[in-house]
Amino acid sequence: VTYLFTPRPGEVLADFPALRSSLEEWEPGQSGPLEAYADADLICFVIRGVGRVKAPYARENQEQDFAAFSQVCVPADTLFQLENTGHQPLRFLQTTAPNSLPTDPAPPTQPQAPVLVCPWPGDQGFPRNERQRGGILVFQPNFECDYHSHDRAEEVFYFFEGEGDVTVEGQVLRVGPGDAVVTPADT
């Protein structure tokens with residue numbers, strides 16, 4: 001069943017075995033713990049605000065700033081910490097693929113994979129692997145996407161700005177800023 005709703009901060013948008021997605025909002029100065037997702041990649045789509053991601057055990061002891069419309073990509077098993085460095089709330093869509101809870105592992109004995117911050121618009125594409133794919137799509141006014149299906153893949157669409165119609169299995173859903181559409185696999 002496909003569903004459309006306007007999520008509130010802290011609300012889970014999708015909770016499937018292959019992915020978990022929630023809308024988060026952090027106050028200025030708020031930071032998360034140093035954590036990792038053992039078997040899942042973490043992707044944060046930054047909706048508004050600014051922040052910093054730290055990965056102290058990555059190959060180059062990374063600290064990277066990010067802003068609205070950036071994508072923060074943390075590979076599985078990489079210890080990281082997110083922080084709101086701005087004066088406004090930091091709002092982001094947080095997705096793990098597959099669905100996973102963070103762990104609090106001991107410091108690694110070898111350097112970890114680096115964190116990737118993809119500003120938008122940018123030259124870097126969204127990283128793709130066997131666990132996840134995605135990105136930020138921009139449709140010009142009156143653009144119409146061909147009807148298609150994503151076999152074996154759940155999808156979460158979050159609308160940053162503008163208005164439009166999404167048709168799923170013949171059902172037309174009117175969407176606007178802050179709306180989310182979630183479709184199960186094979187839809």
Side-chain angles (χ1 to χ4, degrees), residues 7-16 18-138 155-161 178 180:
R8 294 179 310 277
E11 189 168 0
V12 174
L13 282 72
D15 195 1
F16 300 109
L19 71 88
R20 182 179 197 283
S21 189
S22 62
L23 183 64
E24 304 296 328
E25 186 168 280
W26 291 5
E27 293 302 316
Q30 184 176 346
S31 62
L34 185 63
E35 60 188 4
Y37 288 84
D39 298 315
D41 294 331
L42 172 72
I43 307 297
C44 296
F45 293 97
V46 183
I47 298 165
R48 74 169 174 243
V50 296
R52 179 172 297 129
V53 60
K54 299 175 186 178
Y57 300 101
R59 291 186 191 110
E60 297 175 3
N61 188 9
Q62 292 184 298
E63 234 180 81
Q64 294 186 65
D65 293 330
F66 56 82
F69 298 107
S70 295
Q71 301 169 74
V72 178
C73 309
V74 181
D77 286 325
T78 297
L79 277 165
F80 73 97
Q81 182 180 35
L82 294 176
E83 177 185 9
N84 180 352
T85 58
H87 301 290
Q88 305 286 334
L90 172 64
R91 183 174 280 198
F92 57 98
L93 187 62
Q94 176 175 298
T95 302
T96 57
N99 190 334
S100 184
L101 294 174
T103 60
D104 187 16
T109 57
Q110 297 181 8
Q112 295 182 313
V115 171
L116 180 63
V117 174
C118 303
W120 187 88
D123 294 333
Q124 292 180 304
F126 184 86
R128 293 174 180 237
N129 61 36
E130 69 278 358
R131 289 187 288 267
Q132 46 81 14
R133 63 179 184 245
I136 297 175
L137 303 174
V138 176
E155 291 188 292
V156 176
F157 298 94
Y158 183 88
F159 296 87
F160 290 90
E161 57 187 42

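We number each residue from 1, following the sequence as shown.
For the atom pair OG of Ser21 and CD of Glu11, the computed distance is 11.0 Å after rounding to the nearest 0.5 Å. A distance of 7.0 Å separates CG in Asn99 from CG in Leu101, rounded to the nearest 0.5 Å. Interatomic distance, OG of Ser100 versus CG of Leu19, reported as 12.0 Å (0.5 Å rounding). Rounded to the nearest 0.5 angstrom, Leu13 CG and Phe157 CZ are separated by 12.5 Å. For the atom pair SG of Cys73 and CZ of Phe45, the computed distance is 7.0 Å after rounding to the nearest 0.5 Å. Note that CD of Gln94 and CG of Leu42 are 5.0 Å apart. Values are rounded to the nearest 0.5 Å.
Contact of the Val74 side chain with the Asp41 side chain is not registered, since no non-hydrogen atoms from C-beta on lie closer than 4.5 Å. You'll find the side chain of Leu34 stays beyond 4.5 Å of the side chain of Phe80, heavy atoms only. Between Thr95 and Arg20 there is no side-chain heavy-atom pair separated by less than 4.5 Å. Residues Leu23 and Arg91 have side chains in contact (heavy-atom distance under 4.5 Å, counting atoms from C-beta outward). The shortest distance between side-chain heavy atoms of Ile43 and Val72 does not fall below 4.5 Å.
Closest of all the heavy-atom pairs between Gly51 and Thr85 is CA-OG1, 3.4 Å. Nearest heavy-atom pair across Ile47 and Ala68 is O-CB, 3.6 Å. Counting all heavy atoms, side chain and backbone alike, Val50 lies closest to Ala67 at CG1-CB, 4.0 Å. Between Phe66 and Glu83 the shortest heavy-atom distance is CZ-O, 4.4 Å. When all heavy atoms of Pro75 and Ala113 are compared, the closest pair comes out as CG-CB, 3.8 Å.
At distances below 3.5 Å, at least one donor-acceptor pair connects side-chain atoms of Asn84 with backbone N or O atoms of Trp26. Checking side-chain atoms of Thr103 against main-chain N and O of Ala36 turns up a donor-acceptor pair under 3.5 Å.
For the salt bridge (charged side-chain N to carboxylate O under 4.0 Å, His left out) condition, no pair includes a residue of residues 27-36, sequence neighbours left out. Listed by first and then second residue, the side chain to side chain donor-acceptor pair (under 3.5 Å) pairs involving residues 49-58 are Arg52-Asp65 (not counting sequence neighbours).
Qualifying side-chain hydrogen bond (donor to acceptor under 3.5 Å, both in side chains) partners for Glu24, counting only residues two or more places apart in sequence or in other chains: Ser22. Residues satisfying the side chain to side chain contact (heavy atoms under 4.5 Å, CB included) criterion with Ala55, sequence neighbours excluded, are Ala58, Gln62, Thr78, Val115. Not counting sequence neighbours, the partners of Arg48 by the side-chain hydrogen bond (donor to acceptor under 3.5 Å, both in side chains) test are Glu25. Applying the side-chain hydrogen bond (donor to acceptor under 3.5 Å, both in side chains) criterion to Asp77, with sequence neighbours excluded, gives no partner residue.
Heavy atoms of other residues, nucleotides or ligands lying less than 6.0 angstrom from CD of Gln30 number more than 12.
Residue Phe92 forms a side chain to side chain contact (heavy atoms under 4.5 Å, CB included) with just one option from Cys44, Pro9, Ser70, and that option is Cys44.
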